Amino acid sequence: MTKENDKQQIEFEAAAFRRLVQHLRERHDVQNIDLMNLAGFCRNCLSNWYREAADEAGVALSKEQSREIVYGMPYEDWKEKYQPEASDVQKAAFEQSRPTE
């Protein structure tokens with residue numbers, strides 16, 4: 001790959017990430033536990049990956065800051081507004097979807 005292609009790839013990946021984050025911000029009905037049960041990751045995972053990338057680049061970013069980037073607001077505010085208690089069915093599915101060691 002050329003340097004220009006590498007730059008383009010990074011731009012495309014960043015655009016896809018921004019679109020995913022925007023989509024998740026608009027889909028309050030999709031709970032993190034549902035994402036975890038179906039896809040094995042959630043908004044919190046995205047914020048952790050973002051923070052890890054920042055750390056690797058030498059940029060200090062707190063857990064709260066990275067979550068606000070993904071959620072579009074402080075995490076505690078999002079939880080209060082949009083996250084109901086997980087149902088027994090969701091909790092059971094989560095336990096079954098977790099990898100065993």
Side-chain angles (χ1 to χ4, degrees):
M1 282 191 116
T2 67
K3 191 168 184 136
E4 185 58 35
N5 286 343
D6 289 346
K7 183 177 183 278
Q8 225 177 14
Q9 180 179 352
I10 291 168
E11 289 171 0
F12 297 159
E13 290 168 349
F17 174 79
R18 287 189 299 270
R19 189 166 180 184
L20 172 61
V21 167
Q22 186 59 42
H23 181 75
L24 291 173
R25 285 180 184 176
E26 293 170 0
R27 291 297 309 267
H28 306 126
D29 59 312
V30 179
Q31 295 298 303
N32 282 334
I33 195 165
D34 296 326
L35 289 168
M36 287 298 296
N37 290 343
L38 293 172
F41 80 98
C42 68
R43 292 169 183 89
N44 290 337
C45 296
L46 284 177
S47 69
N48 290 340
W49 299 336
Y50 191 97
R51 184 170 37 87
E52 289 168 7
D55 287 345
E56 287 175 14
V59 176
L61 194 65
S62 72
K63 183 177 179 179
E64 292 77 21
Q65 289 171 315
S66 65
R67 283 186 173 183
E68 191 164 340
I69 288 166
V70 170
Y71 285 91
M73 64 181 69
Y75 176 60
E76 292 304 319
D77 294 350
W78 190 90
K79 275 179 41 177
E80 187 177 309
K81 284 179 91 168
Y82 302 115
Q83 185 172 301
E85 177 70 28
S87 70
D88 290 340
V89 171
Q90 288 171 314
K91 290 176 185 177
F94 179 75
E95 288 303 319
Q96 287 186 345
S97 72
R98 296 175 74 186
T100 57
E101 295 185 66

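Quick caveat, the model's predicted, so the values are computed rather than measured.
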key: side-chain contact (heavy atoms from CB on, under 4.5 Å) partner of P74, the single match among E68, E80, Q65   = E68
inquiry  = According to a hydrophobic-cluster definition based on side-chain heavy atoms being under 4.5 Å apart (Ile, Leu, Val, Met, Phe, Trp, Tyr only), do L24 and I33 belong together?
reply    = no
ask   = Which residues satisfy the ring-ring contact (aromatic ring centres under 6.0 Å, His included) test with F94, sequence neighbours excluded?
value = none
same_hphob_cluster(L46, L38) at 4.5 Å side-chain heavy-atom cutoff = no
remark   = On a heavy-atom basis, the closest approach of E85 and K91 is OE2-NZ, 3.0 Å
request  = Give a yes or no on whether V21 and L61 share a hydrophobic cluster (residues Ile, Leu, Val, Met, Phe, Trp, Tyr; joining criterion: side-chain heavy atoms under 4.5 Å apart).
outcome  = yes
key: Value rounded to 0.5 Å, distance of CZ in R43 from OH in Y82   = 10.5 Å
message = Quick check: closest heavy atoms across R67 and N44, and the distance to 0.1 Å?
response = NE-OD1, 3.4 Å
D6 side, atom CG; E11 side, atom CD - distance, nearest 0.5 Å = 11.0 Å
message = Quick check on the hydrophobic clustering: are V70 and L20 connected, directly or via other members, by side-chain heavy-atom contacts under 4.5 Å?
response = yes
task = To the nearest 0.5 angstrom, please state how far the NZ atom of K81 sits from the CE atom of M73.
result = 4.5 Å
note = Correct closest heavy-atom pair for C45 and M36 would be SG-SD, 3.9 Å
ask   = What residues form a side chain to side chain contact (heavy atoms under 4.5 Å, CB included) with Q83, not counting sequence neighbours?
value = Q31, N32, Y75, W78, K79
key: D29, CG atom: more than 12 neighbouring heavy atoms under 6.0 Å   = yes
task = Report yes if the side chains of Q9 and N5 come closer than 4.5 Å at any heavy-atom pair, otherwise no.
result = no
Side-chain heavy atoms of F17 within contact of E13, under 4.5 Å = no
